Amino acid sequence: MSTSNDIDLKQKVAEYGAFITKTLQPQLQQAVEAREEVERDISEYHALQASLGQIQDELKGGDGNQPIETYTDLAHGAVYCRARLSNPRTVFIDVGLRFFVEMN
């Protein structure tokens, strides 16, 4: 009797191992990738919020009609260039797929 129980136990362990390898691990990988994408989006939103906060601080300090000198991101945090906002009261935000939102 003990050998049939051992065989049944080994079969169950093999079945559970196959289930983990074929089903759970790919699902876990997909969930991790989705979480990382959401974290990247959140990071971008925080950076946007910080940039808009800096612009608002500049507007509070001046009369609001003077151009603002700043740096802008060209390549996902790798390349920056100097920029000049001629009308700092209007900001265009890229929401994806070449769609922009105008904010006043």
Side-chain angles (χ1 to χ4, degrees):
M1 276 288 193
S2 67
T3 55
S4 75
N5 286 341
D6 288 342
I7 293 172
D8 290 342
L9 181 62
K10 288 179 182 178
Q11 283 180 330
K12 288 292 182 185
V13 168
E15 287 177 23
Y16 289 138
F19 177 73
I20 289 170
T21 303
K22 291 180 182 176
T23 304
L24 295 181
Q25 286 180 343
Q27 289 177 357
L28 175 63
Q29 184 62 32
Q30 290 174 348
V32 167
E33 290 171 2
R35 184 200 70 211
E36 289 172 351
E37 183 177 342
V38 169
E39 287 176 349
R40 281 190 299 271
D41 289 345
I42 289 171
S43 175
E44 288 180 13
Y45 289 131
H46 283 296
L48 174 61
Q49 184 179 22
S51 295
L52 291 176
Q54 289 174 345
I55 291 171
Q56 286 177 337
D57 291 344
E58 289 282 334
L59 290 175
K60 287 178 186 175
D63 63 5
N65 294 326
Q66 297 297 321
I68 296 175
E69 298 283 331
T70 185
Y71 287 94
T72 187
D73 182 9
L74 293 178
H76 302 287
V79 178
Y80 290 88
C81 74
R82 291 180 66 169
R84 182 176 196 179
L85 299 174
S86 59
N87 181 4
R89 295 217 174 263
T90 302
V91 177
F92 291 92
I93 298 175
D94 182 0
V95 293
L97 300 174
R98 298 189 183 258
F99 287 100
F100 293 85
V101 175
E102 179 180 353
M103 299 179 71
N104 293 349

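The structure presented is a predicted model; accordingly, all values stated were derived computationally and were not measured. Worth knowing before you read on, the calculation uses all heavy atoms, side chains too, and leaves out hydrogens, waters and symmetry mates.
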*R84: what forms a salt bridge (charged side-chain N to carboxylate O under 4.0 Å, His left out) with it, not counting sequence neighbours?*
E69
Roughly how far apart are [X] [atom1] and [Y] [atom2], rounded to 0.5 Å?
{"X": "Q54", "Y": "Q49", "atom1": "CD", "atom2": "CD", "result": "11.5 Å"}
{"X": "T72", "Y": "R82", "atom1": "OG1", "atom2": "CZ", "result": "13.0 Å"}
{"X": "Y45", "Y": "L52", "atom1": "OH", "atom2": "CG", "result": "12.5 Å"}

*asked:* Show the nearest heavy-atom pair for residues D73 and V79, with the distance to one decimal.
replied: OD1-O, 3.4 Å
*For residues L48 and E44, determine if any side-chain heavy atom of one lies less than 4.5 Å from a side-chain heavy atom of the other.*
no
_Residue pairs passing the side chain to side chain donor-acceptor pair (under 3.5 Å) test where at least one lies in residues 21-34, sequence neighbours excluded_ = Q29-E33
*asked:* Assigning hydrophobic clusters by single linkage (Ile, Leu, Val, Met, Phe, Trp, Tyr; side-chain heavy-atom cutoff under 4.5 Å), is F100 placed with V95?
replied: no
*Any chain of hydrophobic side-chain contacts (each under 4.5 Å) joining L74 to F92?*
no
*Keeping the roles fixed (side chain from S51, backbone from A47), state whether a donor-acceptor pair exists under 3.5 Å.*
yes
Do any side-chain atoms of residues 8-20 form donor-acceptor pairs under 3.5 angstrom with protein atoms, and if so which ones, sequence neighbours left out?
none

